[in-house]
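Just so it is clear: chains get the letters A, B, ... in the order the sequence lines come, proteins before strands, and each one is counted from 1.
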There are 2 protein chains.
Amino acid sequence: MSLSNCLGEFAERDWRTGAEGTVRLALVGLGWWTTERVLPAIEAVDRCETTTLVTGSRAKGERVAADVETVSRVLDYDEFHDGVGREGYDAVYVCTPNAYHLDYAETAAGLGKAVLCEKPMEATVGRAERLVDVCEEAGVELIVGYRMQTVPAVRRARELVREGVIGEPRFVTGVNSQRLLDMFADHDQWRLDPDLTGYGTSVVDLGIYHLNTARFLLDADPVAAQASMRSDHEAFDRVPDELASVLLEFEGGVHSTCVASQNAAERTYLQVVGTEGSLRLDPAYHMDTRLRLTVGDRSLDVETPDANQMVDLFDYFAEAVLTDRDPGPDGRHGLVDMRALEAIHRSAESGERVTVDS
Amino acid sequence: MSLSNCLGEFAERDWRTGAEGTVRLALVGLGWWTTERVLPAIEAVDRCETTTLVTGSRAKGERVAADVETVSRVLDYDEFHDGVGREGYDAVYVCTPNAYHLDYAETAAGLGKAVLCEKPMEATVGRAERLVDVCEEAGVELIVGYRMQTVPAVRRARELVREGVIGEPRFVTGVNSQRLLDMFADHDQWRLDPDLTGYGTSVVDLGIYHLNTARFLLDADPVAAQASMRSDHEAFDRVPDELASVLLEFEGGVHSTCVASQNAAERTYLQVVGTEGSLRLDPAYHMDTRLRLTVGDRSLDVETPDANQMVDLFDYFAEAVLTDRDPGPDGRHGLVDMRALEAIHRSAESGERVTVDS
């Protein structure tokens, strides 16, 4: 039997029900991710449009707005919190430093707007819990922006795991590293300030991709963490994890190891090894995810549709808002990651295995 | 600049000085590794020949000897310990269950024979220390059979690390898994008996490849360990590590993560990620090691000579014996692995970070 026979028909974008409409978005936070990646992606999504920009710098907001035809309003943060222009958008995308997510989500919830919140949800478990509470109390949808969950290659991998093609999953290994200091001229930036990121930098910003993708692929959550971290470069003197290695035990006994570093050559990789074979995402997390399946001594590159990860994420969010259902990853899903992040950091600090709160 | 310009001339078998002669070997332990892999390899090494087989089953010994022209004598274990036929061999290859290595090495040392001892050196740190002592006291050479250290692709990788092609190494990740129960019909076997293996099975038998290869590539030793282990299948009920995940901190701050399992699909993999790029051995540990170099967004398969790993190991050992020098990996090198194995198991048992004794 050829390995390709393991691959049946599969609709990687099964969330598309054909619901029509347009979700008008307010984007909160105009960092490079929003301007370079999110705005162009939204322009490519039929069911979304950006109508409102919320920023601390009105000048920057006006400059960005000038290039986006659909934007009708630029708000400063106070205006947003006051509900100015609330009739002009249906949902809010929160892409600020982690420690501000709650403030904007709380306002959005109070205004009755659905929320797409970047990951990690907040800087601490406590604030993330409040974020979930305010959205639940207001009855607004909250989706956490785990864009890997809508990547065709990742959804295909999950399906192959579910179908048992690699047998029973036994362990997941992965890497997510990049050279942050080369990406941003300003080394005095929020990703290196634990008051704004939460517990550190490499694990909350990079390791979370491995953590959440492993959860998604395994359909299981971590129950215990061990970790080691170190920072040597002076730019990392406020965070513990210039380099972090993390060992997680999942429900059902699957192990996961991951190395995350904001100060190493770029490398992204995740593999699931089962009793019968393995699945590898390599590269894993940027815009070029590739999937390879190995069973016995046979390997196969699994073809998946081309994808712009942010286009898929916003299309998925639009579907949820237009059909008024919450398919996840919702706030309670995101809280599991927050509790795991906390456990990972506590383990690195104490040198002891830490149970993940549930 | 093309990435291939990073690759200068390199002699992967630089140990070959041209020394002539023949090392006559006694092989102790006639398991499948010795009969299937070692005997044919030695036949291919000009400077070695197998003259003596030492086994618990004389019938098996005679059967094996019938196919190997150079073998002139089959000894049982008592005869070996009594020095019978000592004039017929110059060196001893010890490939018994780990917990018996000391006994045979001690006899070999007493007879003034050089020793090539399979890894891990022994079942416990204490017995491994005695093994080193008896060889040192007798003044015989002791080399531990870390065959990865003589694999051309691995030596090439070490050279590229040393030359700084990937910048400063930051972390190593790897996997070594196989389905032991499919490899041996008899599940009641020594690799699953901790009295014979030492601390467990997956880490001492498979994880040690990652540990020792990482040490070799980094030219550094581990200083602390964290680990998690579990056994679920009944065949593994006497050992803690049907599945093991290990996190090591090395001198100089490099991290290493490794997953080892005797009960998962076969997968072998090791990568070193530095500040500028990465080197990957994939597959890593069986007879088909392949090396890939990535710097920035460019990758290159590094061509290395075809190799039979056991041929190279025995040629290397012959060189050491014929020239009367001990280029390592010697007993003191092997002791570092033993202490790391002990620390890994203690960490898994306690859930705490354990310092590796030095």
What do you reckon, is [atom1] of [X] surrounded by more than 12 foreign heavy atoms closer than 6.0 Å?
{"X": "A:Glu163", "atom1": "CD", "answer": "yes"}
{"X": "B:Asp237", "atom1": "CG", "answer": "yes"}
{"X": "A:Glu303", "atom1": "CD", "answer": "no"}

Nearest 0.5 Å, please: how far is OG1 in B:Thr275 from CG in A:Asp182? 10.0 Å

Criterion side-chain contact (heavy atoms from CB on, under 4.5 Å) on A:His255 and B:Arg230, from CA distance to verdict: CA-CA 9 Å; A:His255 278 192; B:Arg230 62 181 296 140; 4.2 Å; yes

To check you understand the geometry: which heavy-atom pair defines the closest contact between [X] and [Y], and what is its length?
{"X": "B:Gly253", "Y": "A:Leu243", "result": "O-CD2, 3.7 Å"}
{"X": "A:Gly277", "Y": "B:Ala265", "result": "N-CB, 3.3 Å"}
{"X": "B:Ser347", "Y": "A:Gln226", "result": "OG-NE2, 4.1 Å"}
{"X": "A:Thr173", "Y": "B:Val175", "result": "CG2-CG2, 3.7 Å"}

Looking at [options], which has the largest count of heavy-atom pairs under 4.5 Å with chain A?
{"options": "B:Ala227, B:Ala244, B:Ser261, B:Gly174", "value": "B:Ala227"}
{"options": "B:Glu352, B:Glu249, B:Arg280", "value": "B:Arg280"}
{"options": "B:Val246, B:Thr294, B:Val259", "value": "B:Val259"}

Among the listed options A:Cys258, A:Gly274, A:Ser278, the residue most often paired with chain B at heavy-atom distances under 4.5 Å: A:Gly274

Picking from A:Val295, A:Ile166, A:Val273, A:Leu247, which has the most non-hydrogen pairs under 4.5 angstrom with chain B? A:Leu247

Which bit of [X] comes within less than 4.5 Å of chain A, counting heavy atoms only: side chain, backbone, both or neither?
{"X": "B:Ser228", "answer": "both"}
{"X": "B:Glu266", "answer": "neither"}
{"X": "B:Glu168", "answer": "neither"}
{"X": "B:Ala224", "answer": "neither"}
{"X": "B:Ser245", "answer": "both"}

Distance only, no hydrogens: is a donor on one side chain within 3.5 Å (strictly under) of an acceptor on the other, for B:Gln271 and A:Arg267? yes

Salt-bridge contact B:Asp232-A:Arg170 (side-chain N to carboxylate O under 4.0 Å): no

